[in-house]
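First up is the structure itself, then whatever we jot down about it.
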Amino acid sequence: LHKAFSYDEKMLQNLRQMVEGFTLALEAKDESTHGHSVRVARFAKALAEEMKLSETDLETIYHGGLLHDIGKIGMHDDILERLGILSRKEMDIVKLHPVIGARIAKPLNFLNDVVPLILHHHERFNGSGYPDGLKGMAIPLGARILTLCDAVETMLAGRTYFAKMKLEDVIVNLHQEAGSHFDPAIVDLLFQVLEARPEVFEVQINEAERNCLASYRQKMKTIGTATPQQMFI
């Protein structure tokens with residue numbers, strides 16, 4: 001019985017690695033996004049650790065970070081190469097990638113908990129996101145974390161269509177979008193982790209940046225943060 005369980009676990013691990021490999025292969029085609037999902041997964045796991053989530057939830061959110069963009073496998077290379085300068089029609093196609101990703105993952109029972117994170121990682125806290133226009137606490141906690149970490153990684157790393165941002169500009173942008181694009185409670189949490197563990201985000205914080213971070217952490221108190229009420233489903 002022990003051998004049977006060990007074999008099943010090994011098979012599941014192999015399947016996870018195969019699925020995650022598809023995402024990494026997709027990113028490898030574009031130097032500007034290579035490693036994006038790995039970094040998003042690492043950022044998200046660090047926030048989840050700070051929230052004292054269970055080991056199961058940590059694993060779920062980490063795999064959610066790795067697989068959040070797997071739906072882009074269904075996008076044409078021409079569109080992916082021009083993200084940021086797309087027509088409205090092309091952008092509508094890109095907005096399908098969370099749905100496509102969820103469809104890819106759904107038949108795989110071992111990814112059941114990850115599917116809502118893939119599907120909803122482009123929802124916005126004010127309800128203006130996609131694909132379902134979920135709002136506030138109706139968005140799964142894991143997806144709210146991934147939404148923020150996805151944006152942070154993009155800003156820090158830059159893309160072919162815009163230069164990477166200075167850390168101070170990232171901090172200002174996150175504060176401005178807290179309560180609209182992002183869950184303010186999770187923005188505040190990210191500021192805490194950034195201050196305590198900057199190495200997670202592959203940055204070194206100088207004195208000016210540390211002062212900026214302290215200032216905006218104070219400003220976060222005026223937004224009014226809410227305690228997340230639901231986890232991943």
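Along the sequence shown, residues are numbered consecutively beginning with 1. Values in this document were obtained by computation on a predicted structure and should not be read as measured data. FYI, side chains are in, hydrogens and waters are out, and symmetry mates aren't considered; it's all heavy atoms of this structure.
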query = Distance from Glu177 atom CD to Thr147 atom OG1, nearest 0.5 Å?
reply = 12.0 Å
inquiry  = Is a donor from one side chain sitting under 3.5 angstrom from an acceptor on the other, for His36 and His68?
reply    = yes
Phe43 ring center within less than 6.0 Å of Phe201 ring center = yes
ask   = Which distance, rounded to the nearest 0.5 Å, do you find between the CZ of Phe191 and the CD1 of Ile186?
value = 13.0 Å
task = Determine, using the 4.5 Å side-chain heavy-atom cutoff (strictly less than), whether Leu148 and Val40 are members of one ILVMFWY cluster.
result = yes
inquiry  = Run Arg159 and Glu153 through salt bridge (charged side-chain N to carboxylate O under 4.0 Å, His left out) and show every step you take.
reply    = CA-CA 10 Å; Arg159 292 294 183 266; Glu153 197 286 329; 3.0 Å; yes
task = Give a yes or no on this: more than 12 heavy atoms of other residues, nucleotides or ligands lie within 6.0 Å of atom CD of Glu199.
result = yes
request  = Examine His121 together with His97 and report whether their ring centres are nearer than 6.0 Å.
outcome  = yes
message = Taking the side chain as everything from C-beta on, heavy atoms only, tell me whether Asp150 gets closer than 4.5 Å to His122.
response = yes
task = State, to 0.1 Å, how close Ala178 and Met220 come at their nearest heavy-atom pair, and which atoms those are.
result = CB-CE, 4.0 Å
key: Verdict with supporting geometry, Arg217 and His175, side-chain hydrogen bond (donor to acceptor under 3.5 Å, both in side chains)   = CA-CA 9 Å; Arg217 283 197 65 190; His175 175 263; over 6 Å; no
request  = Tell me, please, which residues at least two apart from Glu168 pass side-chain hydrogen bond (donor to acceptor under 3.5 Å, both in side chains).
outcome  = none
message = I'd like to know whether CZ of Arg42 has more than 12 heavy-atom contacts from other residues, nucleotides or ligands below 6.0 angstrom.
response = yes
ask   = What's the spacing between Ile118 CD1 and Leu146 CG if we round to 0.5 Å?
value = 9.5 Å
query = Looking only at heavy atoms, which two atoms of Gly179 and Asn126 are closest? And how far apart?
reply = O-CB, 4.3 Å
